[in-house]
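Below is one structure; the comments refer to it alone.
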Amino acid sequence: THERLVVAHLAMSVMLQMKLLKDDELAMLMDRVRKMEALVELQSWLSRASDCSFLYWHRAVVPIYLTHIYENPEDAQRLHYMFAALRDCGLPLRHAVQEEEPNFLLREFERWVESLMETHIIRPLCTGIETDLRLHIHSKFGLQLDSRNPFRVGHKDLPSLLHVKPIRFFDTFFDICAHVTHYLDTTFYNLTTVALHDWKTYSEMRHLAEQKYNLRMAEPHLPSQTLEQGLDVLEIMRNIHVFVARFNYNLNNQIFVERSSNNKHLNTISIRHIANSIRTHGIGIMNTTVNFTYQFLRKKFFLFSQFLMDEQIKARLYKDIRFFKENRQELDQEYPFDRAEKFNKGIRKLGLSAEGQSYLDQFRLMITEIGNAMGYIRMIRSGGLHCCSNAIRFVPDLEDIVSFEEMVSAEGLSAESKTAAKNLDLCVETLAKNFAEGTEYLKMLVDVFASSFRDQKNKHLKNFHIIVPPLTLNYVEYMMSAKEKMNRKNKTGAAFTDDGFAMGVAYILKLLDQYAGFDSLHWFQSVKAKYRREKGELRASRQRGRDD
């Protein structure tokens, strides 16, 4: 110790004055004392030699060093030495006279170093890894990307930065790997919620981050392919008039496809989307949806009645009915194709809308929207059954459902347990009832309108069946035009399905009880006979050409 060294020097001074030692002994003793002094002062010499507190006055060095580490990740482990050197600035900052609150300078210095670490290491590393993951995923889709050959563009060993152990800096730790993982988790989650149809891309990027960078990513627990492009039942219900006008219905697959969109994709709505939405809002949303659809149909049927009540339309329909009745025998009980074609073309003389649509085009669109509404109700019922089947699949036997309330009472459990068991029995009973029976919403919407439709006040609606043939011709022309546009560059007005018209005609014929009247026209047989004749004439013409 310093005290003992001072005592040794005093003793040597006394010995020199008394001349108790020879010269060679004195030289040897002095050498030993110097070595003892070196051992005693070694720690303080090392502290002064390795003191890096001067870095506080040379701050410009720190950002340059951190940038160098990011550009050369193989030296990443040296970050621990730099932060150990920066910690030496803490002692003089603690002892500095500060007019502000205690340790103000130290905390400011700590925040400054944290901001440098964020700017020069963590943020570029997060962006670099995200970009690398995106390029890796997009390259497999055949996109034309810049060359990623490491022999041409170089390779940065980013995983070396992730392998750096947490760095202690005063009272905090810098965990580079945890920062990057949190950034990627947040980015992937937010972008997936914004564009749910890209869930698969971000899921693959998440798995690639685990495989390539050994990052332990969190599971986002977002629905995959459930409500991605589909609208919510509640949103459709509130805007049913917009929905039926913007979407086309496919009868066979029970799916709605958006007619046009400014995006690169078209939204679709299937039974799965409806079932998932019903599971979110509860089965009660189904009855509310039917009620909203009823209100919508009332408005549409008012316009429907106004169209058939128009004098010019009514006169043409009466004329066609009279013609068919008077010439039924000559026509072989078949409504003539030429008559329907003439009606379809003749009605254009009454005028066109701003979009170039005739009155019959607008009437067809109205029937299509009514059919889309009925198709939506059909999907609601199918989605409800789908939701109930998924919920009740854990009940072992629907024919013999055990009563939990009776079992709880038999065991003598608490009143709260009995209430819970009663609620469970009620839920299971409701699910079983909905799954076994379902609600015939289509039949309900027929019954609610049928009486007023068949009333004598609305006898002008009895003419509807005679307008169906020209309507079908109008629909066929529209569908042929829409399908031809599918192959064009400008796909405005293109469509491959629009079964709302068929649903609407079937529903209205049922409302008016005119299936028998429409069947008496034998319209479809007339169409087949017409094209059969044309086909025969074409074959005969070709045969004559060959003979000549």
Any donor-acceptor pair under 3.5 Å linking the side chain of Asp185 with the backbone of Ala218?
yes

Close side-chain approach of Thr201 and Ile137, heavy atoms under 4.5 Å
yes

Before giving the answer on ring pair (Phe, Tyr, Trp, His ring centres under 6.0 Å), spell out for Phe247 and Tyr376 the whole-Å C-alpha distance, their side-chain angles and the decisive distance to 0.1 Å.
CA-CA 10 Å; Phe247 281 78; Tyr376 179 58; 9.8 Å; no

Let's go through Met117 and Leu79 carefully: what are the C-alpha distance in whole Å and the side-chain angles of both, what is the deciding distance for side-chain contact (heavy atoms from CB on, under 4.5 Å) to 0.1 Å, and is it a yes or a no?
CA-CA 10 Å; Met117 191 69 177; Leu79 278 172; 4.2 Å; yes

Charged N to carboxylate O below 4.0 Å: is that the case for Glu369 and Lys300?
yes

Please check if atom CZ in Arg32 has more than 12 non-hydrogen atoms from other residues, nucleotides or ligands closer than 6.0 Å.
no

Asp498 side chain to Tyr475 side chain, donor-acceptor N/O pair below 3.5 angstrom:
no

So, for Ala275 and Gly383, which heavy atoms are closest and what is the spacing to 0.1 Å?
CB-O, 3.4 Å

Which heavy atom in Ala209 sits nearest to a heavy atom in Leu184, and how many Å separate them?
CB-CD1, 4.5 Å

CE of Met407 to CG of Asp425: how many Å apart, nearest 0.5 Å?
10.0 Å

If you take all heavy atoms of His273 and Ile269, which pair is closest and at what distance?
ND1-CA, 3.4 Å

Got a donor-acceptor contact below 3.5 angstrom from the Asp132 side chain to the Gly128 backbone?
no

Measure the shortest side-chain to side-chain distance between Leu135 and Thr131 over non-hydrogen atoms and say whether it is less than 4.5 angstrom.
yes

Please lay out, stage by stage, how Asn372 and Phe243 fare under the test side-chain contact (heavy atoms from CB on, under 4.5 Å).
CA-CA 9 Å; Asn372 284 344; Phe243 173 75; 5.8 Å; no

Without swapping roles, check the side chain of Thr268 against the backbone of Val257 for a donor-acceptor pair under 3.5 Å.
no

Can you measure from CD (Glu416) to OG1 (Thr419) and round to the nearest 0.5 angstrom?
6.5 Å

Is the shortest distance from a Lys or Arg side-chain nitrogen in Asp175 or Lys165 to a carboxylate oxygen in the other one below 4.0 Å?
no

Got Thr181 and Arg216 here, is their nearest side-chain heavy-atom distance under 4.5 Å?
no

Within-4.5 Å side-chain heavy-atom neighbours: Lys418 and Val408
yes

Smallest heavy-atom separation, Ala76 atom then Ser160 atom, equals CB-O, 3.9 Å

Judged by atom type as modelled, is there a donor-acceptor pair below 3.5 Å linking the side chain of Arg378 to the main-chain atoms of Leu251?
yes

Check this for me: Glu406, atom CD, are more than 12 non-hydrogen atoms of other residues, nucleotides or ligands nearer than 6.0 Å?
no

Beyond-backbone contact of Phe256 with Met379, side-chain heavy atoms, under 4.5 angstrom
yes

Assess the pair Tyr478 and Phe501: is the distance between their ring centroids shorter than 6.0 Å?
no

Gap separating the CD1 atom of Ile167 from the CE atom of Met82, nearest 0.5 angstrom:
11.0 Å

How long is the straight-line distance from SG of Cys126 back to CD1 of Ile121, given to the nearest 0.5 Å?
11.0 Å

Can you check salt bridge (charged side-chain N to carboxylate O under 4.0 Å, His left out) on Arg111 and Glu108, steps first, answer last?
CA-CA 5 Å; Arg111 281 194 288 269; Glu108 284 296 315; 2.3 Å; yes

When you check the gap from the basic side-chain N to the acidic O, do Glu130 and Arg134 get nearer than 4.0 Å?
yes

Between the main-chain N or O of His182 and the side-chain N or O of Thr186, is there a donor-acceptor pair closer than 3.5 Å?
yes

Exactly one of Asn250, Asn248, Asn252, Asn253 should register a side chain to side chain donor-acceptor pair (under 3.5 Å) with Thr497. Which one does?
Asn250

Quick one: does Phe188's side chain get under 4.5 Å of Met205's, heavy atoms only?
yes

Between the side chains of Glu110 and Arg107, is the shortest nitrogen-to-carboxylate-oxygen separation below 4.0 Å, so that they form an ion pair?
no

Asn291 vs Gln295, test: side-chain contact (heavy atoms from CB on, under 4.5 Å). Steps then yes/no.
CA-CA 6 Å; Asn291 186 35; Gln295 301 295 337; 3.9 Å; yes

Looking only at heavy atoms, which two atoms of Glu118 and Pro124 are closest? And how far apart?
O-CD, 4.0 Å

Using 30° and 60° as the class boundaries, would you call the ring planes of Phe170 and Phe109 parallel, tilted or perpendicular?
perpendicular

Gln254 and Ser382: side chain donor to acceptor below 3.5 Å
yes

Please assess Ile64 against His68 for the test side-chain contact (heavy atoms from CB on, under 4.5 Å), listing each intermediate value before the final yes or no.
CA-CA 6 Å; Ile64 296 173; His68 169 77; 5.6 Å; no

Can you measure from CG (Leu208) to OG (Ser203) and round to the nearest 0.5 angstrom?
11.0 Å

Under a 3.5 Å distance rule, please check whether Thr119 uses its side chain to pair with a backbone N or O of Leu116 as donor and acceptor.
no

Is the shortest heavy-atom distance from the side chain of Val62 to the side chain of Val113 under 4.5 Å?
no

For Pro63 and His120, which heavy atoms make the closest approach, and how far apart are they?
CB-NE2, 3.6 Å

Any donor-acceptor pair under 3.5 Å linking the side chain of Arg87 with the backbone of Arg168?
yes

Judged by atom type as modelled, is there a donor-acceptor pair below 3.5 Å linking the side chain of Glu405 to the main-chain atoms of Lys422?
no

Strictly distance-based, threshold 3.5 Å: is any side-chain N or O of Thr172 a donor or acceptor partner for the main-chain N or O of Phe169?
yes

side-chain hydrogen bond (donor to acceptor under 3.5 Å, both in side chains) assessment of Tyr65 paired with Arg78
CA-CA 10 Å; Tyr65 178 80; Arg78 296 183 180 179; 5.9 Å; no

Under 3.5 Å side-chain donor-acceptor pair for Arg123 and Tyr183:
no

Hey, what do you get for OG (Ser277) to CD1 (Ile380), rounding to the nearest 0.5 Å?
7.5 Å

Kindly indicate whether the side chain of Leu86, heavy atoms from C-beta on, has any atom under 4.5 Å from the side chain of Leu55.
yes

